[in-house]
Amino acid sequence: MLSDQLASQIAAGEVVERPFSVVKELVENSIDAGATAINVDIRGGGRELIQVADNGSGIPAGEVEVAFLRHATSKLQSASDLESIATLGFRGEALAAIAAVSQITVVSRAAGEAAGSRIVLDGGRLVDRQSAGAPAGTVISVENLFHNIPARLKFLKTPATEKRHIDEFITRFALAYPAVRFRLTHDGRLTFQTAGSGDRADVLAAVYGPETVRQLLPVAGDDPDEHRSEFAVSGYASEPGLTYANRNHIDLFVNGRYIRDNRLTYAVVQAYHTLIPNGRYPLALVFIQTPLEQVDVNVHPTKVEVRFRDEGAVFSAVQRAVRQAVVGAAPVRDLGAWSPPESMATWAGERPRPVIAGRGDQPQPGPFWQPDEALLDRDQTGATARQATAEAELQLPIMRVIGQVGAAYIVAEGPDGLYLIDQHAAHERVLFEQFMAQRRADKVVSQGLIAGAAVHLTPTQATLLDEHLGLLGGLGFEIEPFGPNTVVVRAVPAILTKTDPSQALQRVLADLENEDSPLQEELEAVVVRRVCKAAAIKAGQTLSRTEMESLIAQLEACDVPHTCPHGRPTLIHLSAQLLARQFGRS
Ligand code: ADP
Ligand code: MG
C-alpha cells in the first residue's frame with residue numbers, strides 16, 4: 001500500500017508539473033470565484049513563491065480545510081453536472097495536488113462572513129489554523145514548490161524559462177477575461193497589468209503593443225442563429241503581413257478556457273493558405289463559444305485538452321471565420337505598379353529553393369521562377385558526384401553577370417555554363433561571413449541610432465531580452481529599459497542601419513524563443529543569421545550591374561559560397577553539358 005502522502009504526491013505530478021501549472025490552477029480558481037481583480041506575485045520563477053490574491057467569493061471558514069482534500073470541489077454536485085461544465089475547475093484536485101508538493105498558506109474570507117481564516121499546510125499536512133481578519137477574497141501563497149520531491153526539482157527549467165511560461169499564461173487569461181484586472185510581478189517588479197475595462201482591445205494593446213494591434217483584424221464568426229451553427233467564433237487574426245516563425249502565437253479558447261488543439265490550430269493556419277508563405281504562421285486569438293454539452297473538458301488533469309462532440313463543425317467554423325476576416329481585409333493590389341510587398345519578399349527569401357547538390361529539399365514553385373524538375377534532377381546527381389570530389393570545388397569560378405531575372409535572381413555565365421544566383425540568399429551568406437569574421441576579431445561594428453527606437457515587447461519577449469541582453473550587446477545591440485515591457489534601442493549592428501531596428505529586434509527575439517540550445521555559441525549564430533537576413537538585399541529589389549558584380553565578387557570570396565547561412569542554396573548551376581543534353585545536342 002502506498003502511504004496517503006506518497007499517493008497524493010504521485011497524483012500531484014499529473015496536475016502540478018511545473019511552477020506555471022500552479023499559477024494556472026490558482027488563477028482558474030480565482031476566476032471561478034468571480035474575482036474582478038487578480039494579483040499574481042512570483043519569486044524565483046515560481047520556485048520560491050507563487051502568490052495569487054483575488055477579490056472573489058472567498059472560502060467559507062467551514063470549508064477551508066476541506067478544499068485541500070483530494071476530490072474536494074464546490075463546483076460539481078452530481079455526475080450529470082459533468083455534462084455541462086461552466087467553471088474552469090471541476091476535478092477538485094488542484095489545491096490538494098499543490099499542497100502535497102509545497103508549503104502553502106491560505107488566507108480567505110467569504111463575502112458575508114465576519115472573520116476570515118488562515119491555514120498553513122506543509123507537504124499536505126495541516127500545520128496551523130487560525131481565524132484572521134482579512135478583506136473578502138482569497139490569498140494563496142505557495143512556497144518552496146517541490147521541496148519534498150528532489151527528483152522533480154532537478155527537472156525544472158531555469159527561473160527565466162518558468163517566468164516566460166507564467167507570463168504566457170497570465171497574458172492568455174487576461175485576453176480571455178478582459179473584465180478582470182490582472183497584475184503580475186516577478187521578484188517585486190511589475191511586468192504586466194491590465195485595466196479590467198472589459199474591452200479586449202485594451203488587453204491586446206497591453207500584451208502586444210499598439211504597433212502589432214494595428215495589424216490585427218477582427219474575427220467575427222457565424223451568428224449562431226443565422227447559420228444554424230452552434231459555434232460562435234470571434235477574436236483577432238493578423239494581417240497576412242504579420243507572421244511568425246512558429247505557431248506559438250495562435251491561441252484558442254473554448255468557453256473562456258485556453259485550450260491546445262492541433263487540429264484547430266491547423267484550421268487557423270489553413271485559413272491563411274496561399275496568403276502567407278509556407279513555414280510562416282499568423283498571430284491569432286480565437287474564442288469559440290459553444291453550448292456546454294458540446295464540449296467535453298474532462299479529458300486530461302490539466303484541462304487544456306478538450307473533445308468536441310462535432311469536431312468537424314468546429315473546425316470549419318473556425319477556418320471559415322478566420323478566412324473571412326483575412327480575405328475580406330486583403331488589400332486589392334494595383335497591378336500597374338506592382339511591387340512585391342515585404343511579406344512576399346520575405347517569402348521569396350525564405351521558401352526552400354531548388355537545390356544544387358544532393359540535399360533533400362524538394363523544389364517548390366515560387367512566384368518568380370519555375371524550375372524544370374527533370375532538369376534539376378539530373379543536375380542534382382551530377383552535382384552530388386561533383387561535390388564529393390575536391391575541396392577546391394567549394395570555390396566558385398569567376399562569373400560574368402548577364403542580367404537579373406524577376407528582380408530576384410542574377411543570371412551569370414562561368415567557364416562551364418550558366419549560373420542562377422539568388423540575390424537574397426547570396427547576400428545573406430556574404431553578410432554572415434563578414435559578421436562572423438568581425439565577431440571572431442571582437443570587432444563588431446555598432447551604429448548608434450540618433451533617435452533611439454522604442455520597442456514594445458510582450459512580457460515573454462521582455463523576459464527573453466533580459467536573459468540575452470549580454471549576448472545581444474556583444475553583437476552590437478545597445479538596448480535600455482524604458483518602462484514596463486518597453487525598451488529603447490540605442491544602437492544596432494552597423495549592417496542593420498538601413499533596416500527598421502524595432503522589427504529586427506522583434507524577429508531576433510522570435511528566433512531566440514524558438515531556439516532551445518543552451519550553447520551560447522549557437523544562440524549567437526541564431527542572432528547573427530537573423531541580423532544578416534534582415535540586412536540582406538530582398539527579392540524584388542532591382543539591382544544595377546555594378547551592384548550585381550560586386551555581390552558576385554563578394555560571394556566568390558566566401559568560404560562556403562554555395563549555401564546561405566540557413567543552409568539553402570545560393571545558386572543553381574546549369575552546366576554546358578547539361579544544356580547541350582537538354583537541347584539534344586550530345
Ligand atoms: P476545483 O477548482 O476543481 O473545484 P480546486 O482543488 O482547484 O478544485 O479547489 C477546491 C475548492 O476550493 C474549489 O472548488 C473552491 O470551492 C475552493 N477554492 C479554491 N480557490 C478558491 C478561491 N480563490 N476563491 C474561492 N474558493 C476557492
Ligand atoms: Mg481549481
Side-chain angles (χ1 to χ4, degrees), residues 7-9 11-17 20-41 50-79 81-82 84-102 104-113 115-121 124 126 129 132 134-142 145 169-170 173 176-177 180-183 255-259 292 296-306:
S8 43
Q9 281 187 3
E14 293 195 324
V15 187
V16 187
E17 207 188 332
F20 80 75
S21 4
V22 175
V23 177
K24 171 178 174 291
E25 294 296 336
L26 295 181
V27 173
E28 284 188 359
N29 283 344
S30 297
I31 291 171
D32 283 345
T36 57
I38 301 174
N39 291 352
V40 181
D41 297 294
I50 295 168
Q51 184 178 82
V52 175
D54 68 50
N55 63 353
S57 62
I59 310 177
E63 290 172 27
V64 183
E65 277 165 56
V66 180
F68 285 88
L69 297 179
R70 258 199 283 164
H71 309 303
T73 177
S74 59
K75 300 170 194 174
L76 287 186
Q77 310 296 343
S78 66
D81 288 353
L82 256 187
S84 56
I85 290 169
T87 47
L88 293 172
F90 52 88
R91 299 173 58 103
E93 288 177 327
L95 286 188
I98 297 166
V101 296
S102 68
I104 196 168
T105 306
V106 182
V107 179
S108 188
R109 182 169 68 82
E113 289 189 3
S117 26
R118 175 177 185 280
I119 72 167
V120 182
L121 296 106
L126 186 68
R129 176 184 175 125
T138 304
V139 183
I140 299 190
S141 315
V142 176
L145 186 64
F169 261 96
I170 297 296
F173 276 119
Y177 295 91
V180 177
R181 188 152 46 83
F182 284 91
R183 207 169 171 285
N255 298 337
R257 180 191 306 279
Y258 167 78
I259 60 153
L292 295 177
D296 180 5
V297 293
N298 190 20
V299 178
H300 188 266
T302 58
K303 302 164 288 178
V304 292
E305 282 164 46
V306 299

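First listed ligand is number 1; within each ligand, the first listed atom is number 1.
- Of all the heavy atoms in Val306 and Arg257, the pair that sits closest is CG1-CD, 4.4 Å.
- The proximity of Glu25 to ligand 1, defined as any non-hydrogen pair under 4.0 Å, does not occur for either the backbone or the side chain.
- Here the CZ-CD distance, from Phe169 to Glu25, works out to 9.0 Å after rounding to the nearest 0.5 Å.
- Here's the thing with Ala96: none of its N/O atoms is less than 3.5 angstrom from an N/O atom of ligand 1.
- Between the NZ atom of Lys24 and the CD1 atom of Ile50 there is a distance of 13.0 Å, given to the nearest 0.5 Å.
- Atoms CD1 and CZ, on Ile38 and Arg181 in that order, are 10.5 Å from each other to the nearest 0.5 Å.
- Here's the thing with Asp54: one of its N/O atoms is less than 3.5 angstrom from an N/O atom of ligand 1.
- At the shortest separation from atom 4 (O) of ligand 1 among protein heavy atoms lies Thr73 OG1, 2.5 Å.
- Counting protein heavy atoms only, atom 2 (O) of ligand 1 is closest to Lys75 NZ, 2.7 Å.
- Counting only heavy atoms from C-beta outward, the side chains of Ile140 and Leu95 approach each other to under 4.5 Å.
- Between Asn29 and ligand 1, a contact under 3.5 Å exists for at least one N or O pair.
- Atoms of ligand 1 lying under 4.0 Å from at least one heavy atom of Gly58, given by number and element, are 25 (C).
- If you number the atoms of ligand 1 from 1 as listed, the ones under 4.0 Å from a heavy atom of Ala33 come out as 24 (N), 25 (C).
- Evaluated by nearest non-hydrogen atom to atom 9 (O) of ligand 1, the leading choice among Ile38, Leu95, Ile98, Ile140 is Leu95.
- Among the atoms of Ala94, some N or O lies under 3.5 angstrom from an N or O of ligand 1.
- For atom 10 (C) of ligand 1, the nearest non-hydrogen atom of the protein is Ala72 O, 3.4 Å.
- Atoms of ligand 1 lying under 4.0 Å from at least one heavy atom of Gly89, given by number and element, are 2 (O), 3 (O).
- Taking the six-membered ring for Trp and thresholds of 30 and 60 degrees, Phe182 and Phe173 have nearly parallel ring planes, at less than 30 degrees apart.
- The nearest heavy-atom contact from the protein to atom 14 (O) of ligand 1 is Ser74 N, 2.9 Å.
- A donor-acceptor pair is defined here as one N or O able to donate and one able to accept, closer than 3.5 Å; such a pair exists between the side chain of Asn55 and the backbone of Thr36.
- Not a single N or O atom of Ala67, backbone or side chain, sits closer than 3.5 Å to an N or O atom of ligand 1.
- Only protein atoms were considered; those of element N, O or S under 2.8 Å from the Mg ion (ligand 2) number 1.
- Nearest heavy-atom pair across Arg183 and Asn39 is CB-OD1, 3.3 Å.
- The backbone N or O of Ile59 sits less than 3.5 Å from a side-chain atom of Ser108, completing a donor-acceptor pair.
- Here the closest heavy-atom approach between residue Arg129 and residue Ser117 is recorded as NH2-CB, 3.8 Å.
- Residue contacts with ligand 1 include Gly92, since one of its heavy atoms falls under 4.0 Å from the ligand.
- Of the listed residues (Val64, Val27, Thr138, Val139), the one carrying the non-hydrogen atom nearest atom 22 (C) of ligand 1 is Thr138.
- Looking only at distances, no side-chain donor or acceptor of Asp32 sits under 3.5 Å from a matching main-chain atom of Thr87.
- To the nearest 0.5 Å, atom CG of residue Leu26 and atom OG1 of residue Thr138 are 10.5 Å apart.
- If you check which protein heavy atom lies closest to atom 26 (N) of ligand 1, you get Ile59 CG1, 3.3 Å.
- Of all heavy-atom pairs spanning Arg109 and Ala134, the tightest one is NE-O, 2.6 Å.
- Separating the CD1 atom in Ile31 from the CG atom in Asp54 is a distance of 9.5 Å, to the nearest 0.5 Å.
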